[in-house]
Asker: 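Here it is: the structure, laid out below.
The first residue in the sequence is number 1, and the count goes up from there.
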Amino acid sequence: MSKRRILSEKEIEYYTNLSDSEWSDISVGESNDCIPGSESDESISNNTADELEHNDDDEHDDGAVQNNNIMTGLTDIQNDPLNVGFNQNPGLKFDDIAIEKLVTLFFSEDFLNFLVDQTNLYASQEINKQRPLRKVSRLSTWTDTNVPEMKVFLGLLLKMGPCNLPTIQHYWNTSEFYNFPFWRSFMSRNRFQLILRLLHFADNTVETNYRLY
């Protein structure tokens with residue numbers, strides 16, 4: 001039993017143009033030798049393999065030529081690259097705007113007064129809760145804050161945004177890697193951390209169901 005195969009275009013065209021009488025003369029097992037331009041399965045397979053091998057060789061040659069062109073473009077430098085000199089002072093840069101004015105862009109005077117009152121109230125509550133205070137406790141050094149100091153505190157917080165360091169202590173670090181005099185020129189590290197610890201926005205003694213308290 002012969003193997004089935006796909007007809008070629010010439011074979012399809014040949015059979016399409018046959019008349020009814022010619023179709024009746026064709027036997028079921030007739031050989032394909034009578035079809036003009038027909039080829040055996042073996043010859044078709046050989047031709048297909050030759051074409052695939054030829055295409056692979058062409059693709060390989062095209063890839064080699066393209067790689068050679070790329071390497072030639074990378075190595076064919078006529079002039080030395082432009083040397084751009086750096087003549088600026090390295091280091092952290094801040095705008096000339098004062099940190100107090102920076103805070104007023106975000107917070108009103110009424111809010112700052114409210115924040116100062118609540119922070120001082122919470123500090124008093126914490127100190128009374130932990131009495132007697134130990135000598136090494138930072139709460140023993142607490143003095144009430146005010147609006148000018150709160151502006152400096154919030155301004156230092158805002159300035160930490162564009163200069164992200166691992167911890168708050170690093171902003172006051174004096175090592176050669178983290179030596180930024182900006183923050184310590186306005187406030188000591190201990191005072192900053194103490195205000196940050198006691199910063200408050202509400203009276204905890206007032207009972208309320210409001211979730212922001």
Asker: So do the side chains of L194 and T141 get within less than 4.5 Å of each other, counting heavy atoms only?
Answerer: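 Counting from C-beta outward, L194 and T141 do come under 4.5 Å.
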Asker: Using side-chain heavy atoms (C-beta onward) and a distance below 4.5 Å, is L121 in contact with H200?
Answerer: no
Asker: For I127, run the side chain to side chain contact (heavy atoms under 4.5 Å, CB included) check against Q130, Q125, R131 and tell me which one passes.
Answerer: R131
Asker: If only side-chain N and O atoms count, and only distance matters, is there a donor-acceptor pair under 3.5 Å linking R189 with N173?
Answerer: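 Per modelled atom types, N173 and R189 side chains form no pair under 3.5 Å.
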Asker: Would K129 and L139 satisfy side chain to side chain contact (heavy atoms under 4.5 Å, CB included), going step by step from the backbone distance to the final call?
Answerer: CA-CA 11 Å; K129 185 188 301 182; L139 288 177; over 6 Å; no
Asker: I'd like to check the salt bridge (Lys or Arg N to Asp or Glu O under 4.0 Å) partners of E100; sequence neighbours left out, ordered by chain and number.
Answerer: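 E100 satisfies salt bridge (Lys or Arg N to Asp or Glu O under 4.0 Å) with no residue once adjacent residues are dropped.
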Asker: Which one of F201, F153, F107 satisfies the side chain to side chain contact (heavy atoms under 4.5 Å, CB included) criterion with L115?
Answerer: F201
Asker: Using only heavy-atom distances, determine whether the side chains of D203 and T205 contain a donor-acceptor pair under 3.5 Å.
Answerer: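 T205 and D203 do have a side-chain donor-acceptor pair below 3.5 Å.
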Asker: Can you find a heavy atom in the side chain of L196 that is under 4.5 Å from one in the side chain of I168?
Answerer: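 They are in contact (side-chain heavy atoms under 4.5 Å apart), so the answer is yes.
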Asker: Report yes if the side chains of T145 and R191 come closer than 4.5 Å at any heavy-atom pair, otherwise no.
Answerer: yes
Asker: Do you know which two heavy atoms are closest between C163 and Y171, and how far apart they sit?
Answerer: O-OH, 2.5 Å
Asker: Taking the six-membered ring for Trp, are F111 and F114 parallel (under 30°), tilted (30 to 60°) or perpendicular (over 60°)?
Answerer: tilted
Asker: Determine the sole option in L154, V152, V147, N146 for which the side chain to side chain contact (heavy atoms under 4.5 Å, CB included) test with M150 is passed.
Answerer: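 Only one option passes, and that is L154.
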Asker: With clusters defined by side-chain heavy atoms of hydrophobic residues (ILVMFWY) lying less than 4.5 Å apart, directly or transitively, does F177 cluster with F180?
Answerer: yes
Asker: Any heavy-atom pair between the side chains of L105 and L102 that's under 4.5 Å?
Answerer: yes
Asker: Applying salt bridge (Lys or Arg N to Asp or Glu O under 4.0 Å), can you list everything that pairs with E176, at least two apart in sequence or on another chain?
Answerer: none
Asker: How far apart are the closest heavy atoms of K159 and F182, and which atoms are they?
Answerer: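 Heavy atoms of K159 and F182 come nearest at CG-CE2, 3.8 Å.
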Asker: Are H170 and M160 packed together at the side-chain level, in the sense that at least one heavy-atom pair is separated by less than 4.5 angstrom?
Answerer: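 They are not in side-chain contact.
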Asker: Which heavy atom of G155 sits nearest a heavy atom of V103, and at what distance?
Answerer: N-CG2, 3.3 Å
Asker: Can you name the closest pair of heavy atoms from S137 and S140 and give their distance?
Answerer: O-OG, 2.5 Å
Asker: Verify the ring-centre separation between F192 and W172: is it less than 6.0 angstrom?
Answerer: yes
Asker: List for me each residue that meets side-chain hydrogen bond (donor to acceptor under 3.5 Å, both in side chains) alongside D144, sequence neighbours excluded, and say none if there are none.
Answerer: W142
Asker: Does E126 form a side chain to side chain contact (heavy atoms under 4.5 Å, CB included) with L133? I'd like the steps, not just the answer.
Answerer: CA-CA 10 Å; E126 286 297 300; L133 298 176; over 6 Å; no
